[in-house]
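Okay, structure first, notes after.
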Amino acid sequence: MQGRGRGAAARRDLRILVLGAAAGGGFPQWNCNCANCRRARAGDPAALPRTQSSLALSADGARWALLNASPDLRQQIAVSPALHPRNGARDSPIAAAVLTSGDIDHVAGLLTMRESQPFSLYATGRVQAALAANPIFGALGAAVARRTLALDRPEDLLDRDGGRLGLRVTPFAVPGKIALYLEDPAAGPDFGTQPGDTIGLEIDDGAGGRVYYVPACAAFPPALAERLAGARAVFFDGTLWNDDEMTAAGLGRKSGRRMGHMSMAGADGTIAAFRALAVGRKIFVHVNNTNPVLLDDSPERAEAEAAGWEIAFDGMEIDL
Ligand code: MLT
Ligand code: MN
Ligand code: ZN
């Protein structure tokens with residue numbers, strides 16, 4: 001690891017900042033009266049609030065790429081000095097944003113970035129088409145270069161004007177679901193989902209290692225296990241502990257599976273799926289407010305940690 005001086009020239013380490021560790025709705029969610037949300041709202045120190053799903057990534061500590069743009073982006077930037085303006089009258093260290101889906105919790109933050117600040121917007125053709133079809137995103141205007149990600153093609157991230165950020169990501173399809181607001185009930189049991197609707201990102205650490213960001217994943221096929229094995233770090237879908245967690249608590253009609261998320265617990269759960277994989281750091285992100293692992297004092301938290309998992313929190317920083 002090199003020097004940590006802010007603004008110092010050319011740091012080569014990969015820095016990853018968790019801007020928001022919660023799933024859609026955040027923690028606490030505005031209209032949720034579940035036991036977790038009540039504790040968070042009451043200021044219980046074992047129920048730390050979390051904003052919605054996003055990471056920031058940098059190779060030099062100076063220029064950053066957002067991985068997803070959450071509805072809480074404005075607040076996330078405000079509490080992250082690395083993302084504050086530095087030079088000139090208008091400035092942002094955020095040079096790019098990469099989307100892993102068209103879900104509202106991953107795109108609504110783009111509307112916070114509508115002040116003609118240049119950046120690149122990376123997404124698959126499916127997600128770019130959804131954005132292009134929605135006139136509200138026209139507010140981003142010509143300052144934003146929309147660049148299309150092809151599955152399994154490594155991409156050296158560029159700023160709006162083509163300057164390299166020193167970050168290479170490779171998008172890959174993961175089992176998932178089309179965004180809720182695009183579901184077509186007439187299209188069968190998968191609601192019209194196609195490859196590219198939900199992706200994971202492989203991030204090249206610049207030193208021969210791999211880091212993964214997979215904030216939504218519906219299942220764990222062998223090919224995914226093979227891909228993730230041996231990674232330095234994996235940030236993975238931590239939406240629910242149990243598939244029926246929300247329905248059992250009377251908080252909705254949908255299971256985790258219906259929403260495109262595998263769950264942590266059980267024989268076909270995430271904790272079991274990762275047990276045999278040699279992954280350096282396993283970090284749950286996109287954690288739903290109903291998930292008991294959010295509570296520092298829950299047995300589920302202890303179980304996840306005993307299996308080597310970390311539960312992400314806002315402001316968590318990983319330097320690789
Ligand atoms: C999800 O993670 O299931 C989605 O963000 C739900 C949504 O789009 O509201
Ligand atoms: Mn989500
Ligand atoms: Zn809740």
Side-chain angles (χ1 to χ4, degrees), residues 18-44 46-55 66-73 76 98-111 123 126-127 130-131 134 174-185 190-193 197-201 213-219 235-264 270 284-295 298 300 312:
V18 176
L19 298 180
F27 181 49
Q29 175 175 314
W30 72 284
N31 66 340
C32 189
N33 217 4
C34 77
N36 282 5
C37 284
R38 282 204 305 272
R39 284 181 64 176
R41 211 172 273 121
D44 184 327
L48 188 68
R50 287 162 169 84
T51 63
Q52 293 167 85
S53 180
S54 176
L55 304 186
L66 299 180
L67 305 185
N68 291 319
S70 107
D72 299 318
L73 181 61
Q76 292 166 345
V98 187
L99 308 178
T100 63
S101 73
D103 286 5
I104 290 172
D105 56 351
H106 287 159
V107 306
L110 295 172
L111 300 176
R126 288 278 293 172
V127 172
L131 297 178
N134 187 333
V174 293
K177 194 181 71 57
I178 192 170
L180 184 59
Y181 61 91
L182 295 174
E183 285 184 0
D184 176 3
D190 63 3
F191 306 100
T193 300
D197 284 333
T198 304
I199 61 169
L201 297 174
Y213 176 52
V214 186
C217 187
F235 295 83
F236 201 83
D237 184 345
T239 308
L240 300 181
W241 179 258
N242 278 319
D243 190 55
D244 68 349
E245 177 177 307
M246 297 184 64
T247 48
L251 295 164
R253 291 186 301 276
K254 288 184 188 168
S255 67
R257 262 187 212 98
R258 168 65 185 83
M259 296 187 293
H261 301 289
M262 60 187 292
S263 299
M264 295 182 182
T270 318
F284 280 123
V285 292
H286 193 278
V287 187
N288 195 57
N289 59 76
T290 52
N291 192 325
V293 300
L294 286 173
L295 303 175
S298 68
E300 292 85 356

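The chain is numbered in sequence order, starting from 1. Counting starts at 1 for both ligands and their atoms, in listed order. Because only heavy atoms are used, hydrogens play no part in the values below, and waters and symmetry mates are left out as well, while side chains stay in.
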Measure from the side-chain N and O atoms of [X] to the backbone N and O of [Y], and report whether any donor-acceptor pair falls under 3.5 Å.
X      : Y      : answer
Thr270 : Ser263 : yes
Asp103 : Asp105 : no
Arg50  : Asn289 : no
Arg39  : Cys34  : no
Thr51  : Asp72  : no
Asn68  : Thr100 : yes

Exercise. When you check the space around the Mn ion (ligand 2), which protein N, O or S atoms turn up under 2.8 Å?
Worked result: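 Checking every protein N, O and S atom gives Asp105 OD2, His286 NE2.
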Which residue in the set Ile199, Asp237, Val214 passes side chain to side chain contact (heavy atoms under 4.5 Å, CB included) when paired with Val174?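 Exactly one candidate clears the test, Val214.
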* When Asn288 is tested against each of Leu251, Leu294, Thr239 for side chain to side chain contact (heavy atoms under 4.5 Å, CB included), which residue passes? ->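 Of all the options given, the one that passes is Thr239.
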Ignoring hydrogens and angles, state whether a donor on the side chain of Ser70 or His106 is under 3.5 Å from an acceptor on the partner side chain.
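The answer is no; no qualifying pair exists.
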Proximity of Lys177 to ligand 1 by residue part, where a heavy atom lies under 4.0 Å =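 Near ligand 1, Lys177 shows nothing, with every heavy atom at 4.0 Å or more.
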inquiry  = Can you report which non-hydrogen protein atom sits closest to atom 9 (O) of ligand 1, along with the distance?
reply    =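 In this structure, atom 9 (O) of ligand 1 has Leu180 CD2, 3.8 Å as its nearest protein heavy atom.
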Review point. Among all protein non-hydrogen atoms, which one is nearest to atom 3 (O) of ligand 1, and what is the separation to 0.1 Å?
Key: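 For atom 3 (O) of ligand 1, the nearest protein heavy atom is His261 NE2, 2.8 Å.
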* ligand 1 contacted by His286 (non-hydrogen, < 4.0 Å) ->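 Within the 4.0 Å threshold, so yes.
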Original post:
Any heavy atom of His106 sitting closer than 4.0 Å to ligand 1?
Top reply: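 No, His106 has no heavy atom closer than 4.0 Å to ligand 1.
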Review point. Do Phe27 and Asn291 come close enough that some side-chain heavy atom pair is under 4.5 Å?
Key: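 No, too far: nothing below the 4.5 Å cut-off.
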* Crowded around Arg258 CZ? As in, over 12 foreign heavy atoms under 6.0 Å? ->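 Yes, CZ of Arg258 has more than 12 neighbouring heavy atoms, counting only those of other groups under 6.0 Å.
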Please find the pair of heavy atoms, one from His261 and one from Asp243, that lie closest to each other, and give the distance.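 It is O-OD1, 4.4 Å.
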Original post:
Tally of protein N/O/S atoms under 2.8 Å from the Zn ion (ligand 3)?
Top reply: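 For the Zn ion (ligand 3), the figure is 4.
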query: Which atoms of ligand 1 are found less than 4.0 Å from any heavy atom of Asp103?
result: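 What qualifies from ligand 1 is 1 (C), 2 (O), 4 (C), 5 (O), 8 (O).
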Problem set entry | Per-atom contacts of ligand 1 with Met259, taking only distances under 4.0 Å to non-hydrogen atoms |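 Taking each heavy atom of Met259 in turn, ligand 1 has 3 (O) under 4.0 Å.
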### Message
So that I can tick it off, tell me whether Glu245 and Lys254 are bridged by a salt bridge, with the cut-off set at under 4.0 angstrom between side-chain N and carboxylate O.
### Response
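No, this pair does not count.
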